[in-house]
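Each ligand, and each atom within it, is numbered from 1 in the order the structure gives. As a basis for the values below, the full set of heavy atoms in this structure was taken, side chains included, without hydrogen atoms, waters or symmetry mates. As the structure is a computational prediction, the values presented were derived from the model and not from experiment.
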Amino acid sequence: MSDFEPFYDVKHSYEDNYEQGPFGAFAKALKTTPSVTSGDSSPYEGELEKKTSDGVVGESGFAAFLGQPVNLPFGIPAGPLLNSRFTTAAFRMGFDLATYKTVRSRAWGCNPFPNVLAVHPKSADGSLTPGSAELDEGVLADTDYEQPISISNSFGVPSQSPDVWQPDMRAAIAAAGLGQVLVPSFQGSRVEGMSEEEYIADHATTARLIKETGAKLMVMNTSCPNEGHNRLLCHNPLLVGRITEAVKNEIGDIPLMVKLAYIPSDDDLELMVRSTVGHGTVQGFSTINTISAKLVDADGNQALPGAGRDRSGVCGNAIRGAGLDMVARLAAIREKLGLDFKINGVGGVVSPADYQAYRNAGADSVMSATGAMWDAELARKIKSSIK
Ligand SMILES: Cc1cc2nc3c(=O)[nH]c(=O)nc-3n(C[C@H](O)[C@H](O)[C@H](O)COP(=O)(O)O)c2cc1C
């Protein structure tokens, strides 16, 4: 990978990436099409008029993502697209869904560098199974980035203040081409001394701030294992239900998707669906987020420096099996309950075959973070594979 440059450069800090990125093919895409406000960005644009060969067909004859027309329901989830320069470059590279990295109601710092390491599970196919002993015993992590790529990311969900991200998100939305959708992502911020009511209200406030940018839909993250301990909001479906009710009161008809981590129990997953979709507050789920693992270096020592960083979230090739499993189980619950909600499949998509596997498992749309970082041509490859 010596001459290869991921658009988010893992050798540099988050702050440097925010200021100077994107890099590699994404940087070139920004230079070749100077206007960032026109709908001239999709190399697949001509296809919008036609029905995509495998798309979820929307009312007007092409694919849709939470009610918005889209060329191909494929893109990049919350994470590597830090600001409007990244999302605009993603659109120009043919990713028709570009998620703006998770924002908060307030400025929030990033974990210390490094934030990304390559991860090498023991199994022959490089996969990690949720609940397996390896996740607690230690997975080798270093700077040897090999394909098929698996990494760990440890950022702590940094955010600019709304004064910065609101105008930038507006620009990001305006840069979407025909059949492309900017997907804002947000989460609540739990700070010392905050009551549960205040925590719920913080989600609603952040959703309102997003609504003010003119966003047509939004994704609420309930699944980041990178906040210092191993408890995730999505492990508490009833609290998620209360939060989504408060958010829905704030955003009205704007569709809301909830980002979920891997949830092992079908009963818990069904309770999540019942307490959100069942109350009309949620229109879709995006899943999965990273899988938490203990990371060790070649000597068996903690791989990431600093307290509370013995475990970190793994993504990429290693978690595709877990992502497909979650999507299939959610689709089965959708069928069983006869409820209407969308499923956005995420986790380990590195090839056109992986995109198809998620669609076959029941996903209405698909996204790739790690796979796209290491292959800027991924959207184009998927499009040419289904033409
Ligand atoms: C660099 C990086 C940063 C991420 N940051 C976020 C984030 O801010 N919010 C979020 O919901 N997920 C975040 N994620 C998780 C991804 O959205 C995705 O769920 C996960 O990486 C699995 O997909 P993948 O295997 O395609 O990478 C991040 C992932 C990466 C690689």
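Considering both main-chain and side-chain atoms, Ser223 never comes within under 3.5 Å of ligand 1 through any nitrogen or oxygen pair. The shortest N or O to N or O distance between Lys259 and ligand 1 is under 3.5 Å.
Partners of Tyr8 under the side chain to side chain donor-acceptor pair (under 3.5 Å) rule, at least two apart in sequence or in another chain, do not exist in this structure.
Checked by atom type and distance alone, the side chain of Gln166 pairs as donor or acceptor with a backbone atom of Leu209 at under 3.5 Å.
Here is the list of ligand 1 atoms found below 4.0 Å of a heavy atom in Ser368: 26 (O). Ligand 1 places these atoms under 4.0 Å from at least one heavy atom of Gly347: 23 (O), 25 (O). Every atom of ligand 1 is numbered from 1 in the order shown, and the set under 4.0 Å from a heavy atom of Pro77 is 17 (O). For ligand 1, the atoms sitting less than 4.0 Å from at least one non-hydrogen atom of Asn221 are 9 (N), 10 (C), 11 (O), numbered in the order shown with element in parentheses. Proximity to Gly348 (heavy-atom distance under 4.0 Å) selects the following atoms of ligand 1: 24 (P), 25 (O), 26 (O).
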### Task
Check step by step if ring pair (Phe, Tyr, Trp, His ring centres under 6.0 Å) holds for Phe341 and Phe285.
CA-CA 8 Å; Phe341 61 86; Phe285 294 99; 5.4 Å; yes
#### Entry: Criterion salt bridge (charged side-chain N to carboxylate O under 4.0 Å, His left out) on Glu5 and Lys11, from CA distance to verdict
CA-CA 10 Å; Glu5 269 191 287; Lys11 297 187 300 303; over 6 Å; no
### Task
Please step through side chain to side chain contact (heavy atoms under 4.5 Å, CB included) for the pair Leu117 and Asp142, ending with a clear verdict.
CA-CA 5 Å; Leu117 287 176; Asp142 58 23; 6.0 Å; no
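Closest to atom 9 (N) of ligand 1, if we only count protein heavy atoms, is Thr102 OG1, 2.6 Å. Taking atom 20 (C) of ligand 1 as the reference point, the nearest protein heavy-atom neighbour is Cys315 CB, 3.9 Å. The protein heavy-atom contact nearest to atom 26 (O) of ligand 1 is Ala369 N, 2.8 Å. At the shortest separation from atom 27 (O) of ligand 1 among protein heavy atoms lies Thr370 OG1, 2.5 Å. For atom 14 (N) of ligand 1, the closest non-hydrogen atom on the protein side is Ala78 O, 3.0 Å. Summary of contacts: the protein heavy atom closest to atom 5 (N) of ligand 1 is Lys101 NZ, 2.9 Å. Protein heavy atom closest to atom 4 (C) of ligand 1, with residue, atom name and distance, is Gly79 CA, 3.1 Å. Annotation: atom 23 (O) of ligand 1 to nearest protein heavy atom, Val346 CG1, 3.4 Å.
With a 4.5 Å cut-off between side-chain heavy atoms of Ile, Leu, Val, Met, Phe, Trp and Tyr, the cluster of Leu271 takes in Leu238.
The side chain of Asn153, and not its backbone, has at least one atom closer than 4.0 Å to an atom of ligand 1 (non-hydrogen atoms only; side chain from C-beta on). Contacts with ligand 1 closer than 4.0 Å are made by heavy atoms of both the backbone and the side chain of Asn289.
Under the 6.0 Å distance and 45° angle rule, Arg85 does not count as a cation-pi partner of Phe7.
Distances from ligand 1 to the non-hydrogen atoms of Phe155 include at least one value under 4.0 Å. Using a 4.0 Å heavy-atom cutoff, Ile288 is listed among the residues neighbouring ligand 1.
Salt-bridge formation is detected for the pair Asp202/Arg106: a Lys NZ or Arg NE/NH1/NH2 atom is positioned less than 4.0 Å from an Asp or Glu carboxylate oxygen.
Counting non-hydrogen atoms of other residues, nucleotides and ligands closer than 6.0 Å to CG of Asp340 gives a total of 12 or fewer.
Here the rule is side-chain contact (heavy atoms from CB on, under 4.5 Å) with Leu128, and of Asn317, Leu135, Ile291 only Leu135 fits it.
The aromatic rings of Tyr199 and His203 sit perpendicular, their planes meeting at an angle over 60°, well past the 30° parallel limit.
Lys211 places none of its side-chain heavy atoms less than 4.5 Å from the side chain of Glu250.
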